[in-house]
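Naming convention: chains lettered A, B, ... in sequence-line order (proteins, then strands); numbering from 1 in each chain.
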Number of protein chains: 2
Amino acid sequence: MKIEEIYKQINNLGGRLTKVRKVIIDSLINSDCLMSQDCILKALKKNDLKPNRSTIFRELAYLVKTNTIIKNTINNIDYYEIPKAHHHHLVCLKCHDISKIDIKDHFEIEEKKISKEKKFNILNHSLEFYGYCENCNNF
Amino acid sequence: MKIEEIYKQINNLGGRLTKVRKVIIDSLINSDCLMSQDCILKALKKNDLKPNRSTIFRELAYLVKTNTIIKNTINNIDYYEIPKAHHHHLVCLKCHDISKIDIKDHFEIEEKKISKEKKFNILNHSLEFYGYCENCNNF
DNA sequence: ATATTTGCAAACGTTTTGCATAGTG
DNA sequence: CACTATGCAAAACGTTTGCAAATAT
């Protein structure tokens, strides 16, 4: 999904393209990994925007509700990302570090099957592997 | 993992096999799907146990910390399950219903590859498909 | 001009904590 | 007996809300 399409979609829903909203979408598009709320706040500060915490909450809730972004809660922290069909992660159970992995999944076929059999309209998916990273595995 | 092994593991770590702990482990083993805290509380009540809320929090945190159970947060609600290598779900973005699906994954091979390449010791994984269930898809 | 978005401060609900008591091995 | 687990009440924390002012279309 290109950024123009996202903007248009927001317009169609009656939403405004505020500075905060644009920066959030922009940074999520340019970051190819999960961003926490703190991470998003930092990106906003870099653009000289210091919105109130409640604004961020409302903004992220809005973007999730309109399916513009996806929320993924790992280890009690909410992370956000642009739906891109592929977002797979290695999550360390000890240091809680999260790293991206590229694995070939065969989900397109599976998803079509599920859509038919279960009549469930799949928009995206998330896959996380939990375990110990190299550092933590060696105590 | 058999229940005796779990009990032994808890003992080895210096943990006690309290009534609450046993019922939680039992009900998670016998439930083949995700259980929320409320769901676990109901199971405890069925066994005439009405522990304090803080006890449940502490207990679940303990079981997660010792890798006896897994926590999976979906739509802001923490769900718990026994690690069993396979726990895949369909999550409705509208009514928030969660249903189990059995899909053949090829992760054993992938996991071995990742373990080698990234030196990441994988213990388990979670896979969720997000979208609209049959009811919600028809508005 | 109209509807959406924002900041602020207060309210809310969930989760955590400290400590004394009870329970387990 | 030593140590873990529990209940209780209070504290801490993240998140949400109502409203008036600011902003976008």
Side-chain angles (χ1 to χ4, degrees), chain A residues 3-4 6-27 35-45 47-69 71-80 96, chain B residues 3-28 35-45 47-69 71-80 96:
Chain A
I3 198 157
E4 289 81 18
I6 294 177
Y7 287 175
K8 198 190 275 180
Q9 197 190 310
I10 286 169
N11 252 321
N12 291 342
L13 292 166
R16 308 280 151 94
L17 289 174
T18 62
K19 290 174 194 169
V20 169
R21 185 164 293 166
K22 274 184 173 174
V23 171
I24 292 177
I25 294 169
D26 272 36
S27 45
M35 288 180 86
S36 65
Q37 190 180 115
D38 284 349
C39 187
I40 289 166
L41 260 170
K42 275 180 202 158
L44 287 160
K45 277 182 192 160
N47 287 268
D48 294 315
L49 295 171
K50 309 171 203 56
N52 192 276
R53 207 98 208 179
S54 63
T55 301
I56 305 285
F57 275 108
R58 275 187 284 221
E59 189 53 36
L60 292 171
Y62 171 88
L63 293 172
V64 168
K65 202 184 61 190
T66 56
N67 293 326
T68 311
I69 66 174
K71 177 164 86 172
N72 198 349
T73 308
I74 301 173
N75 288 322
N76 282 334
I77 296 168
D78 292 338
Y79 295 92
Y80 300 88
H96 294 176
Chain B
I3 198 156
E4 289 82 17
E5 288 180 57
I6 295 177
Y7 286 175
K8 199 190 272 179
Q9 197 191 310
I10 287 169
N11 251 322
N12 290 343
L13 292 166
R16 307 281 153 91
L17 289 174
T18 62
K19 290 174 194 170
V20 169
R21 185 164 292 167
K22 274 185 174 175
V23 171
I24 292 177
I25 294 169
D26 272 35
S27 45
L28 282 170
M35 288 179 86
S36 64
Q37 190 181 115
D38 283 349
C39 186
I40 288 165
L41 259 171
K42 274 179 203 159
L44 287 160
K45 275 181 192 160
N47 288 267
D48 295 315
L49 296 172
K50 309 169 203 55
N52 193 277
R53 206 101 206 177
S54 63
T55 301
I56 305 285
F57 275 108
R58 274 187 285 221
E59 189 53 36
L60 292 172
Y62 171 86
L63 293 171
V64 168
K65 201 185 62 190
T66 56
N67 293 326
T68 312
I69 65 174
K71 178 162 84 171
N72 197 350
T73 308
I74 301 174
N75 290 321
N76 282 332
I77 296 169
D78 293 338
Y79 295 92
Y80 300 88
H96 294 175

**Student:** Provide a list of protein-nucleic acid N or O atom pairs under 3.5 angstrom, restricted to nucleotides 11-22 of chain D.
**Tutor:**
{"residue": "D:dG18", "atom": "O6", "partner": "A:R58", "partner atom": "NH1", "Å": "3.3"}

**Student:** What is the distance, to the nearest angstrom, from the CD1 atom on A:I56 to the C1' atom on C:dT5?
**Tutor:**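 So the two atoms are 12 Å apart, to the nearest Å.
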**Student:** Locate the shortest heavy-atom distance separating A:R21 from A:R16; write the atom from each residue and the value.
**Tutor:**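 Nearest heavy atoms, A:R21 then A:R16: NH1-O, 2.8 Å.
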**Student:** Starting at atom CG of A:L41, determine the distance to atom P of C:dT6, rounded to an integer number of angstrom.
**Tutor:**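 So the CG-P distance, A:L41 to C:dT6, works out to 13 Å.
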**Student:** Atom OH of A:Y7 and atom C1' of D:dA24: how far apart are they, to the nearest Å?
**Tutor:**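 Going from A:Y7 (OH) to D:dA24 (C1'), I get 14 Å.
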**Student:** Using five base pairs at each end, measure the axis-to-axis angle across the helix from C:dA1-D:dT25 to C:dG25-D:dC1 and round it to 10 degrees.
**Tutor:**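 What I find for the helix from C:dA1-D:dT25 to C:dG25-D:dC1 is an axis angle of 50°.
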**Student:** What's the shortest heavy-atom distance between A:T66 and A:Q9, and which atoms?
**Tutor:**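 Heavy-atom minimum between the residues: O-NE2, 3.5 Å.
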**Student:** Let me confirm one number: the OH-CD distance from A:Y80 to A:Q37, rounded to the nearest 0.5 Å.
**Tutor:**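 That separation rounds to 6.0 Å.
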**Student:** Could you state the CG-C1' distance from B:L49 to D:dA5, rounded to the nearest angstrom?
**Tutor:**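 The distance from CG of B:L49 to C1' of D:dA5 comes to 13 Å, rounded to the nearest Å.
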**Student:** For B:L28 and B:T68, run side-chain contact (heavy atoms from CB on, under 4.5 Å): C-alpha distance rounded to whole Å, both residues' side-chain angles, the deciding distance at 0.1 Å, then the answer.
**Tutor:** CA-CA 10 Å; B:L28 282 170; B:T68 312; over 6 Å; no
**Student:** Rounded to whole Å, how long is the line connecting atom OH of A:Y62 with atom C1' of C:dT4?
**Tutor:**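 These atoms are roughly 9 Å apart.
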**Student:** Give me the atom names and distance for the closest heavy-atom approach of B:L44 to B:P51.
**Tutor:**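 Distance-wise, the nearest heavy atoms are CD1-CG, 3.8 Å.
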**Student:** Can you tell me how far C1' of C:dT4 sits from CG of A:N12, to the nearest Å?
**Tutor:**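 It is 16 Å, rounded to the nearest whole Å.
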**Student:** What distance separates A:I24 CD1 from A:Y62 OH, expressed to the nearest 0.5 Å?
**Tutor:**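 Taking CD1 in A:I24 and OH in A:Y62, the distance rounds to 12.0 Å.
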**Student:** Output one line per pair: protein atom, nucleotide atom from nucleotides 23-25 of chain C, and distance, for all N/O pairs under 3.5 Å.
**Tutor:**
{"residue": "C:dG23", "atom": "N2", "partner": "B:R16", "partner atom": "NH1", "Å": "3.0"}
{"residue": "C:dT24", "atom": "O2", "partner": "B:R16", "partner atom": "NH1", "Å": "2.4"}
{"residue": "C:dG25", "atom": "OP1", "partner": "B:L17", "partner atom": "N", "Å": "3.2"}

**Student:** Would you check if there is a donor-acceptor pair between the side chains of A:D38 and A:S36 at a distance under 3.5 Å?
**Tutor:**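 No, A:D38 and A:S36 have no side-chain donor paired with an acceptor closer than 3.5 Å.
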**Student:** Give a yes/no answer on whether the side chain of B:N52 brings an N or O atom under 4.0 Å of OP1 or OP2 in D:dC8.
**Tutor:**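 Yes, such a contact exists.
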**Student:** Take B:L60 and B:I40, measure what side-chain contact (heavy atoms from CB on, under 4.5 Å) needs, and give me the verdict at the end.
**Tutor:** CA-CA 10 Å; B:L60 292 172; B:I40 288 165; 3.8 Å; yes
**Student:** So which atom in A:A43 and which in A:M35 form the shortest heavy-atom distance, rounded to 0.1 Å?
**Tutor:**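 Heavy atoms only, the tightest pair is CB-CE, 4.3 Å.
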**Student:** Does any N or O in the side chain of A:N47 come within less than 3.5 Å of the main-chain N or O of A:L49, such that one atom is a donor and the other an acceptor?
**Tutor:**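 Flag not set: sc A:N47 to bb A:L49 has no pair under 3.5 Å.
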**Student:** Name the residue closer to the 5' end of DNA chain D, choosing between B:G14 and B:T55 according to the nucleotide with the nearest heavy atom.
**Tutor:**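 With B:G14 and B:T55 compared, the 5'-side residue is B:G14.
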**Student:** Expressed as a whole number of angstroms, how long is the span from B:K65:NZ to D:dA5:C1'?
**Tutor:**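 Whole-Å distance recorded here is 12 Å.
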**Student:** Is the backbone N or O of B:S54 less than 3.5 Å from a side-chain atom of B:N52, with the two atoms forming a donor-acceptor pair by type?
**Tutor:**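 Flag set: sc B:N52 to bb B:S54 pair under 3.5 Å.
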